[in-house]
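Let me begin by presenting the structure, written as structure tokens, before commenting on it.
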Amino acid sequence: MTAFARAERAALADSLLAAGPDAPTLCAGWATRDLAAHLVLRERRPDAAAGILLRPLAGHTQRVQRRLADGDYTALVGKVRTTPAWLRLTGADEAMNLVEYFIHHEDIRRAQPGWTPRDLPVSYEAALAGRARGSARLSARRFPATIIVDIPGHEGTRAGRGGTEVTVTGTPGELLLFFTGRQEHARVEIDGPAETRERLQRARLGL
């Protein structure tokens with residue numbers, strides 16, 4: 001069984017500590033303390049985690065996240081670093097967190113000046129490739145064009161509602177960032193009519 005999520009969790013916690021509690025992230029309105037609080041809430045507060053997706057519960061989620069963010073930062077990052085028992089016992093960590101921790105780690109890294117893309121192991125890239133295909137199909141399902149997702153060295157896919165073709169080429173990690181709404185910070189190449197390219201760059205992608 002692979003353990004990319006576990007390794008990414010540790011690396012993300014290291015980056016949170018190195019950045020400090022008030023560093024910027026790519027998540028609008030969130031400093032590093034807010035991002036860490038989100039991660040802890042998601043895994044350890046099921047009463048509040050539902051509000052991440054269900055709007056009627058969002059107020060409770062925000063209040064819990066704010067309380068977590070206002071607490072001791074080092075202790076908060078310690079909780080990010082430690083896999084909860086229910087994830088260890090069920091073996092669900094990889095399924096639940098492979099993408100989550102990769103993306104949020106990049107949310108920290110790419111908000112800092114002078115960042116460069118990481119050189120990921122081939123096996124990690126392969127694991128992310130499948131997630132990148134799924135993310136593209138889901139997040140761009142209503143986009144009014146045919147998006148050809150080209151992942152050199154891996155199987156690609158198609159997304160969008162159909163029509164004019166545009167090709168997005170990149171590594172699995174960069175494509176994941178692109179199709180989760182981080183187009184401005186993802187290093188991909190987009191080929192196709194200028195108007196469609198520009199619309200895709202501005203589109204609201206992600207869940």
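The first residue of the sequence shown is numbered 1, and numbering continues consecutively from there.
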*asked:* Testing the basics here: between A37 and A69, what is the closest heavy-atom pair and its distance to 0.1 Å?
replied: CB-N, 3.7 Å
*Knowing that exactly one of R9, R81, R109 qualifies, which makes a salt bridge (charged side-chain N to carboxylate O under 4.0 Å, His left out) with D14?*
R81
_Looking at I108, is its backbone amide N or carbonyl O close enough to the side chain of Q112 to form a donor-acceptor pair, meaning the two atoms are under 3.5 Å apart?_
yes
*Would you please test F102 and L12 for side chain to side chain contact (heavy atoms under 4.5 Å, CB included) and show each step?*
CA-CA 8 Å; F102 172 80; L12 186 154; over 6 Å; no
*Quick check: does any side chain N or O of D70 sit under 3.5 Å from a backbone N or O of R67, one acting as donor and the other as acceptor?*
no
_Verify same cluster id: L68, L16 (apolar side-chain graph, 4.5 Å)_ = yes
_Any donor-acceptor pair under 3.5 Å from T90 side chain to W86 backbone_ = yes
_Using a 3.5 Å distance criterion without hydrogens, assess whether the side chain of Y101 forms a donor-acceptor pair with backbone atoms of L39._
no
*Could you tell me the separation between the CG atom of L35 and the NE2 atom of H104, rounded to the nearest 0.5 Å?*
5.5 Å
*Mind checking whether V64 and V77 sit in one hydrophobic cluster, side chains of I, L, V, M, F, W, Y counted as touching below 4.5 Å?*
yes
*asked:* Distance check, rounded to the nearest 0.5 Å: R44 atom CZ versus L87 atom CG?
replied: 9.0 Å
*When you measure from the side chain of E94 to the backbone N and O of F4, does any donor-acceptor pair fall under 3.5 Å?*
yes
*Give a yes or no on whether a salt bridge exists between D22 and R33, defined as a side-chain N under 4.0 angstrom from a carboxylate O.*
yes
*Could you check F143 against R199 for side chain to side chain contact (heavy atoms under 4.5 Å, CB included), going step by step and ending with a plain yes or no?*
CA-CA 9 Å; F143 187 77; R199 180 181 293 182; 3.7 Å; yes
_Check for me, please, whether V166 and F178 land in the same ILVMFWY cluster - side-chain distances under 4.5 Å, paths through other members count._
yes
*Indicate if F179 and I148 have the same hydrophobic cluster label, given that clusters are the connected sets of ILVMFWY residues with side-chain heavy-atom separations under 4.5 angstrom.*
no
*Heavy atoms, side chains only, cut-off 4.5 Å: are V149 and R158 in contact?*
no
*Just by distance, do the side chain of E174 and the backbone of R187 share a donor-acceptor pair under 3.5 Å?*
yes
*Locate the shortest heavy-atom distance separating P152 from D150; write the atom from each residue and the value.*
CD-O, 3.5 Å
_Distance-minimising heavy-atom pair for P24 and A111_ = O-CB, 3.4 Å
*Between E43 and N97, is any side-chain donor less than 3.5 angstrom from a side-chain acceptor?*
yes
*Would you kindly check if the NZ (Lys) or CZ (Arg) of R66 is within the cone defined by 45 degrees around the ring axis of W30 and under 6.0 Å from the six-membered ring centre?*
no
*Side chain E125, main chain T171, donor-acceptor under 3.5 Å*: no
*Please name the pair of heavy atoms, one in T32 and one in A19, separated by the smallest distance, quoted to 0.1 Å.*
CG2-CB, 4.1 Å
*Roughly how far apart are I147 CD1 and T164 OG1, rounded to 0.5 Å?*
11.5 Å
*Between R197 and I190, which heavy-atom pair has the shortest distance, and what is it?*
CD-O, 3.1 Å
*asked:* Is it true that, when you exclude R42 itself, more than 12 heavy atoms of the residues, nucleotides or ligands shown sit nearer than 6.0 Å to its CZ?
replied: yes
*asked:* Quick check for you: to the nearest 0.5 Å, what is the distance between T169 atom OG1 and I151 atom CD1?
replied: 9.5 Å
*Check against salt bridge (Lys or Arg N to Asp or Glu O under 4.0 Å), E106 and R182*: CA-CA 10 Å; E106 293 301 318; R182 294 157 175 84; over 6 Å; no
*Is a side-chain N or O of T82 found less than 3.5 angstrom from the main chain of K79, in a donor-acceptor match?*
no
*Could you tell me which non-hydrogen atom of G29 sits nearest to which non-hydrogen atom of D34, and how far apart they are?*
O-OD2, 4.0 Å
*Measuring from T83:OG1 to R88:CZ, what's the distance to the nearest 0.5 Å?*
6.5 Å
*Once you round to the nearest 0.5 Å, how far does CD1 of I103 lie from CD of E8?*
10.5 Å
_Heavy atoms from other residues, nucleotides or ligands near CD of Q201 exceed 12 (cutoff 6.0 Å)_ = yes
_Taking A145's backbone N and O only, do any of them form a donor-acceptor pair with R161's side chain (distance below 3.5 Å, no angle check)?_
no
*Spell out, as yes or no, whether a donor-acceptor pair under 3.5 Å connects the side chain of R131 to the backbone of L128.*
no
